[in-house]
Structure formats: C-alpha cells, structure tokens
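Remember, it's 1-based here, ligands and their atoms both numbered in the order they're listed.
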Amino acid sequence: MNAYVVGLIVPIVILLFRTSTNRKRRGSPADVGGDPGYAVRNHRFASVISSAWEDVTTLAEMFEHSCRKHHDKLLLGTRELISREMEASSDGRTFEKLHHGDYKWVTYGNVFESVSNFASGLANIGHVREERAAIYAETREEWFIALQACFRRNVTVVTIYASLGEEALCHSLNETEVTTVICGRKELKSLLHISGQLDYVKRVICIDNDVPSDASSAQHGWKLTSFSDVERLGRENPVAADLPLSADVAVIMYTSGSTGLPKGVMMTHGNIVATVSAVMTIIPNLGTNDVYLAYLPMAHILELVAENLLSAVGGSIGYGTPLTLTDTSNKVKKGTKGDATALMPTVMASVPAILDRVRDGVFKKVHAKGGFSKKLFDLAYARRLWAINGSWFGAWGLEKALWNFFVFKKVQAILGGRIRFILCGGAPLAADTQRFINICLGAPISQGYGLTETCAGGAFSDFDDTSVGRVGPPIPCSYIKLVDWPEGGYSSTDLPMPRGEIVIGGSNITLGYFKNDEKTRESYKVDERGIRWFYTGDVGRFHADGVLEIIDRKKDIVKLQHGEYVSLGKVEAALLGSPFVDNIMLYADSFQTYCVALVAVSHSALSEWASKQGISYSDHSELCQKEEAVKEVHASLLTEAKKARLEKFEIPAKVKLLSDPWTPETGLVTGALKIKRDIIRKTFQEELSKLYAK
Ligand SMILES: *[C@@H]1O[C@H](CO)[C@@H](O)[C@H](O)[C@H]1NC(C)=O
Ligand SMILES: *[C@@H]1O[C@H](CO)[C@@H](O)[C@H](O)[C@H]1NC(C)=O
Ligand SMILES: *[C@@H]1O[C@H](CO)[C@@H](O)[C@H](O)[C@H]1NC(C)=O
Ligand SMILES: CC(=O)N[C@H]1CO[C@H](CO)[C@@H](O)[C@@H]1O
C-alpha cells in the first residue's frame, strides 16, 4: 500500500475514532461547594470512597483479614543468592555480578506469624508504642514484615529514601525522635557515620546477619539486635496486639523534595486504606492469581500502596531490584535469569525512567539485528499503532494474535511474558514510551498523578484509555478541583477547557508535614464542609471527558525585568525535544531581560555530530567547550522552540553545555528524575553568572 493511500485513510479513521471515544465519560463534575473552582470526581462512584471493605479501616485490619482468608496461599517470595562474582569489562573495570536462584515462598499464614512475632519482639526489646520506629532499607521481604509488625503495635513508621544523603537522614531521624531503626547492612554503615549525632536512637535492628564489626560497640549509644533475634524473642514471649485506629498516623514519609531538607508527610491508616481501595478499582480483576514484582523503593508511596494492595487481595509479591530486573540488567550474571523472567509477574509498578530504559533496550536490539527482523518489527509496530489509535485498519483480533506470536512475544518475554497491567507514577511518562508499552507488552499501562502529600491519590488513567499525555480522571478516593491562578493566566472559566491550579481533596489527603505547621498551613486547607484539600502547585486542565492533563507548574514561573512571565517547566519540556539534550534547566534572573539554559548534553548525539563535522577532541568535556558545539546545540534548541511556538523571551539567549549526566546520585535530580532547581543553580552558580556576564 503506498504512503498516499495510508495518508488518506489514517486521518479519516482517527476522526471516526475521536468522535466515538471522546464521548466516554471518565470523570464527572462534582459539587463540593466552598472555594470556587471546577471540581471533578470519578464517574463510577457517586461520591469519593474511603474503604473497599466494610469492616476494614486500618492497614493492620486489612492485613489480618487477608491472612485469615488466604492462609495457605503464597504471599512473599525472595530469590536465593547463589553467588557473587566480580566480572571484568572490556575497559578493565570490574563489576559485581549476582547469580540468583529461584524464588522461595512463604504463605500468608507464615508471614502473619512472623509479623506477630516481630511485633511482640519489638515490645520485648523495649520499644513502647508511643515511640516511633524507622525502616531504612532496600525493598525486601523483611521491610514488609517489619511494616506490618509496627502497625500491629500502633507504632508509627518513619520511612526514609535509601538514596537520601546523610544530612537528610540525620534530620529525619532527629526530627521524629526515632528510637528504633530497622535497616540492612549497607544502611547500617551510613548510620555508623552519623551515630554521634543521633541522640534518640536506642536500638538498631539489622536485617542482614553479617554486620560491620564495630556496629555493636557501646559508644554508638544503641543496642544492636538481629532481625531474626527479634522474631525469636517475640515467639518466646508473645505480647498481645495493640491495634491502631483509622485516624492514627501509620507512616511519616520523608521524600526528597526539590528544595532544602526533606519534609515528613504524616499519613493515617485511613489515608492509605482509601488509596489502596481506590487503586484496586483501577486494575481489572485483581486477585489471588496475580503476581507482583516488587523492586521500587518501599519509601515511595506508589510501592507502599501497591504491596499493601496485593497483600489485601490475596496476590503474591516477589522481590527484585532495579539492577537485576531483566536477564540483561547490569548486575545479572551472564546466562542466569533476571527477576522478571524468574518470577513471571502479572502486575508491575514502574517509574518512567525505567520504562524508557526498557524501550531503548528493545529498539537498540531491533536496530542491531537489522534486515528482515527490523522490517518485520517496524511493520508490526505500525499496524498495532494504527489499531491502538482506534483505526479498524489493523484492529483485527486475529492479526493482533499473529503479531503477538511472531514479533512481540520476544519483547514480552523480557518481563517474563505474563504482564497484564503496569502502574506508572512519579513523573510524567513520555507519549512514545506509553505507546511502546501498550504495543509491545500488549498490556495497559495506567499512569498515575499523585503526590506523597495526597497519599498517591490524585488521578489515574483508565486502563482502556489509549490517549497519551493525559493522567486520567480523579482516582475514586479523590476530588480534583481547578482553582484560578490569575498571575499565570489560568482560569476555571477558560475555554475550551477549564484550567487552573490542581487542588486535590477527599479521604486520601494526609494530615500535613510533621512538625512544620507553617508549611502545612501553606499547602493544606480545610473547607467549610470539612473536606481537606492539598494545593499541588501544578497547573492542569480538564478535557471534556473529565480527564486531567498537567500543563504547567506554578512555582517555576519567573518574571523577567520587562514583566514577561516565563514558565520554566513549560519551556524545558519543549526544549527536551532536541536530540542533543539529555536534561536541561532553564534559568531566568528577574533582573535580566532574557533567560539562559544549562544543558546536560546527550553524549551519543553530540559525538555523532562531531564526527560528522570532522571535529577532533580529546574528551567529552572538551567537546562541550567548543564554540561550534554550543552553536549547534543552541540552533537545535531554537528549532524546538519554534515548533512549540515559544515567545522570544522564553527562548534561552545563551546556553552552557555540561558533559556530566544529571543522575540521582549526583543529587542534581530527584529519584524520579525531576530536576532540583535550587541545587543545580547553586552547583553551577559560576557558569550561570558567566552566561549573564557578556
Ligand atoms: C496509637 O498511638 C497514638 C500515638 O502514640 C495514640 O495517640 C493513639 O491513641 C493510639 N491508638 C490507640 C487505638 O490506642
Ligand atoms: C541532630 O541532633 C543532634 C543533637 O540533638 C545535633 O547535634 C545534630 O546537629 C542534629 N542534626 C541534624 C541534621 O539536625
Ligand atoms: C495516532 O493518533 C495521534 C492523535 O490522535 C496522532 O497524533 C498520531 O499521529 C497517530 N499515529 C498514527 C501512526 O496514526
Ligand atoms: C483524614 C481526613 O482528612 N479524613 C477526611 C477524608 O475525607 C472524608 C470525606 O471526604 C472526611 O470526612 C474525613 O474527615
């Protein structure tokens, strides 16, 4: 078929599709009274929900309930470590490679016993329930057991991102006056560094048995006990449970903010139960046959909700890590299985950065093969894209089955071959990655928009909504309201779509920031009807079908000297389209008339360009200094700016190229890869002032 015919048919078909699907209502206007604004709730429920189970209002009840019901089913699985080896790569560096065996499973009944024992053990070693305990470890079986054990004793759990720096760790433990820290061997090492500043910590429970030799020394002021000893103590001296109420604080979650020290968000049992209940309605037929691959940090609200959800419905949870996820992951020994192929999960949670990596990996493989298999892949991909785009052309069920069998099965095998649902959150997912997952994995992907402060509540896209770039209708436990923001030029009366600051309310809104009333008052408000609202600072608009789209960020607006407003996030999103840009931060000094940009360049794109131009350079940072390179990247930014119809004052007048990538380890971006403006600004202060100098 020639391109002309295709070009004719596709638009007609898209037109047909658009008119038919856009009528499907996903969110409905809601009457919330109070503060003016345009409010929406999920269309499937008459009002926001707070629990899916009649007699369950806390996570402790939810877990006990499920353990009774699914007593003999498998709950937690961990892979056996067979060996650890060092492998040398071609450039002489050595890497650790792991050889893991099969999953070893424990049943709901077993886990409940461990949880009860650990809960009793906590009491035995002297932890009283008014004191808080911190879990500071990588995602693993013991994390889950410790969490449920704390809940059974009404002990508030403080969670800390394992990747936070020492200052942030010390601050979180200080602020919450944590007396017991439950950690792994690696995290214990960080604790040892700051032990002198931890006045409150009295007990450390280490999950691994091989602890550093000086960890138990009396000078640290704490008593070290192993996880298994706490369990044993509890088994020998059982203590009755001390269950919490729905309004009791379950978790104080410290997450990396984009500015300053982390803030602890207080979430009640009721908050988390509401989110778990709501997410349950989003995944079709979630139940005892589902297997979940757990590898995201448990200190991330999405993972916490997902694991509690799976354990509430009788599913199984198998643990993995981001570095051993697939057969070709960095730490997997050649010839052995990655976590996904060993577990064959049906449900996964993910963040965009990981899905981007899966997508790039597959495309690279296909391109490397070339020839017929590339042609076949491209054809299959195009046909499925049409089908997903709503065209009858390519939408035949039989054809889908054939493509799946001949082409996509191999891609699906990367994640074990059984994935039927992916939850994605933490940051916006690129449209082409979403399409790729839809097509190659044949699985729906539900994109969530939520914050720690809203207990991950917010919006979640319906599994059958194949549009891209939108985050879905409100999750059934939330109201979403758009509130006017005149300075930004957004109003809920805008046409064709209401626009404004996204404000989330309902049974899922957390209590606020721990020991930080000022910040809590700034961002949380209770209206006259008693509904709590969180002001997100994000700007969105509602489509006619009740689906939300994020379009801007309130905080990132700067007024230039002549009074023009520059929305940094909007401009960055547009400029990210340039192939030379790996990451970018736009900077606007309000005492200047123009903006500038720092660009973390894409090594591959820039060196490819340089070799085409015949430019010689000794290393990448030298290339980034070269005037031709700066000019080329700047020109490419201008092209993107034109495409996005940016105003002249929004386009960076000067750019600085940086050769080192911005990764979470550098501290320049968050774990979800959002840029940390303040830190980047401080780090590159000199470069920025140079850009404004001449
Ligand atoms: C749970 O613990 C909190 C904090 O110590 C306390 O205020 C609350 O009353 C406890 N709940 C129950 C049901 O005892
Ligand atoms: C934590 O508290 C100790 C003692 O109260 C203090 O010396 C230390 O500076 C504090 N650290 C942080 C990061 O707040
Ligand atoms: C699919 O639809 C979207 C919008 O409806 C359009 O932008 C895109 O070009 C379409 N892709 C194909 C291959 O038809
Ligand atoms: C903790 C909290 O904010 N709870 C509220 C959840 O939402 C319901 C109704 O939307 C309120 O009644 C609760 O007070």
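- Y108 and H70 have their aromatic ring centers within a separation under 6.0 angstrom.
- For K69, the NZ atom is loosely surrounded, since the number of other residues' heavy atoms within 6.0 Å does not exceed 12.
- R129 and D248 are not joined by a salt bridge, as no carboxylate oxygen comes within less than 4.0 angstrom of a charged side-chain nitrogen.
- Not counting sequence neighbours, E166 has no partner by the salt bridge (charged side-chain N to carboxylate O under 4.0 Å, His left out) test.
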Pair E138, R140 - check salt bridge (Lys or Arg N to Asp or Glu O under 4.0 Å), show working. CA-CA 6 Å; E138 280 170 354; R140 54 198 291 181; over 6 Å; no
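- Taking the six-membered ring for Trp and the full ring otherwise, F151 and H269 have centroids separated by under 6.0 Å.
- Around ligand 1, the residues contributing at least one heavy atom under 4.0 Å from the ligand are R129, E130, N154, L243, L245, D248.
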